[in-house]
Undergrad: 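One structure follows; several queries about it will come next.
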Amino acid sequence: MPTKDRSRRPWSARRIPACLAASLILLAAGALLFEAIWVRTGHRATAWWTSLTGQLATRPLGNLWILTGAAVAAALGLWLIILALTPGLRHQLPLRVPTSSHIRMHAVLARKGAALLLRDAAMRVPGVSTVRVRVRRRRVTVRAGVGFRDTAQVKDDLTDTLRREARDQLALARPPRLRVRVRRSAK
């Protein structure tokens, strides 16, 4: 029975700044709430509270500045939630973890490094004169220019070489789909 792959995409450390920003917002909202309760219980309001409530009381809700401030606050809040809940580090690809290892292991490969390795392998295929490799999370796109040989034959050789290289040398946790496009180079 095959074992489940334990390799996952790495999480960036941006959860901590997002939590700090949320804590600061919570602290500011708590201060506003405290001041509102303080004034409602019969105590004297501070100068900043009087100024703030005076501005908010005189401006209608349809005011451009009020609507802009609300839209910015909502967008910032949504962005912080997205940052806190997504892994990040999209430029890194997780590598396979040996199944026999009982040690918690984590290895990644940069997308640029994977693209360079695949480009070098593609350039070794006879007939290929130019190569552009784009590595995404789930797909590798290779565009090759053929200087000589039949393009269909070069495409088959190139696809085989790149699949073998991706399987043996890259050792990615989730092997990406391969898309190979071959055309005759301009002379």
Undergrad: Is the shortest side-chain heavy-atom distance between Leu32 and Leu52 below 4.5 Å?
TA: yes

Undergrad: Can Asp157 and Arg149 be counted as an ion pair, charged N to O under 4.0 angstrom?
TA: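 Judged by the 4.0 Å cut-off on N to carboxylate O distance, Asp157 and Arg149 do form a salt bridge.
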
Undergrad: About how many Å separate CG of Leu172 and CZ of Arg138, when rounded to the nearest 0.5 Å?
TA: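 Arg138 CZ to Leu172 CG: 12.0 Å, rounded to 0.5 Å.
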
Undergrad: Nearest heavy-atom pair of Lys155 and Val180: which atoms, and what distance?
TA: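 Smallest heavy-atom distance, with atoms named: CE-O, 3.2 Å.
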
Undergrad: Nearest heavy-atom pair of Ala114 and Leu109: which atoms, and what distance?
TA: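 Nearest heavy atoms, Ala114 then Leu109: CB-CD2, 3.8 Å.
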
Undergrad: Between Val125 and Leu116, is there a shared hydrophobic cluster once you connect ILVMFWY residues whose side-chain heavy atoms come closer than 4.5 Å?
TA: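 No.
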
Undergrad: Does Arg139 reach the side chain of Arg179, with side-chain heavy atoms less than 4.5 Å apart?
TA: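 Yes, side chains in contact.
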
Undergrad: Quick one: are Leu93 and Arg111 in side-chain contact, heavy atoms under 4.5 Å?
TA: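 The answer is yes; the side chains approach within 4.5 Å.
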
Undergrad: What closest approach, in Å, do Ala45 and Val39 show between heavy atoms, and which atom pair accounts for it?
TA: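 Smallest heavy-atom distance, with atoms named: CB-CG2, 3.5 Å.
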
Undergrad: Measure the spacing between OG1 of Thr68 and CH2 of Trp65 and express it to the nearest 0.5 Å.
TA: 6.5 Å

Undergrad: Test question: given the 4.5 Å side-chain rule for I, L, V, M, F, W and Y, name all other residues clustered with Leu64, or answer none.
TA: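 So far as hydrophobic clustering goes, Leu64 is joined with none.
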
Undergrad: Can you check side-chain contact (heavy atoms from CB on, under 4.5 Å) on Val146 and Arg183, steps first, answer last?
TA: CA-CA 6 Å; Val146 178; Arg183 67 178 181 164; over 6 Å; no

Undergrad: Is there a side-chain contact between Val140 and Leu118, using heavy atoms and a 4.5 Å cut-off?
TA: yes

Undergrad: Counting N and O atoms only, with roles assigned by atom type, does the side chain of Ser51 sit under 3.5 Å from a partner on the main chain of Trp48, one being a donor and the other an acceptor?
TA: no

Undergrad: Step by step, would you call Leu170 with Leu117 a side-chain contact (heavy atoms from CB on, under 4.5 Å)?
TA: CA-CA 8 Å; Leu170 292 183; Leu117 189 77; 3.3 Å; yes

Undergrad: Would you name the heavy atoms of Met123 and Val131 that are closest together and state the gap between them?
TA: SD-CG2, 3.5 Å

Undergrad: Kindly indicate whether the side chain of Thr159, heavy atoms from C-beta on, has any atom under 4.5 Å from the side chain of Thr161.
TA: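 Sidechains of Thr161 and Thr159: no contact.
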
Undergrad: How long is the straight-line distance from CZ of Arg137 back to CD of Gln92, given to the nearest 0.5 Å?
TA: 13.0 Å

Undergrad: Is the shortest heavy-atom distance from the side chain of Val142 to the side chain of Arg181 under 4.5 Å?
TA: no

Undergrad: Each residue besides Ile82 in its hydrophobic cluster should be listed here, by chain and number; the cluster joins Ile, Leu, Val, Met, Phe, Trp and Tyr at side-chain heavy-atom distances under 4.5 Å.
TA: Leu78

Undergrad: I'd like to check Leu158 versus Val182 (side-chain heavy atoms, cut-off strictly below 4.5 Å). Are they in contact?
TA: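 In contact.
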
Undergrad: Any idea which heavy atoms bring Thr130 and Ser185 closest together, and the distance?
TA: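 In this case the closest contact between Thr130 and Ser185 is OG1-OG, 4.2 Å.
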
Undergrad: When you compare the side chain of Pro94 with that of Arg174, does any pair of heavy atoms fall below 4.5 Å?
TA: yes

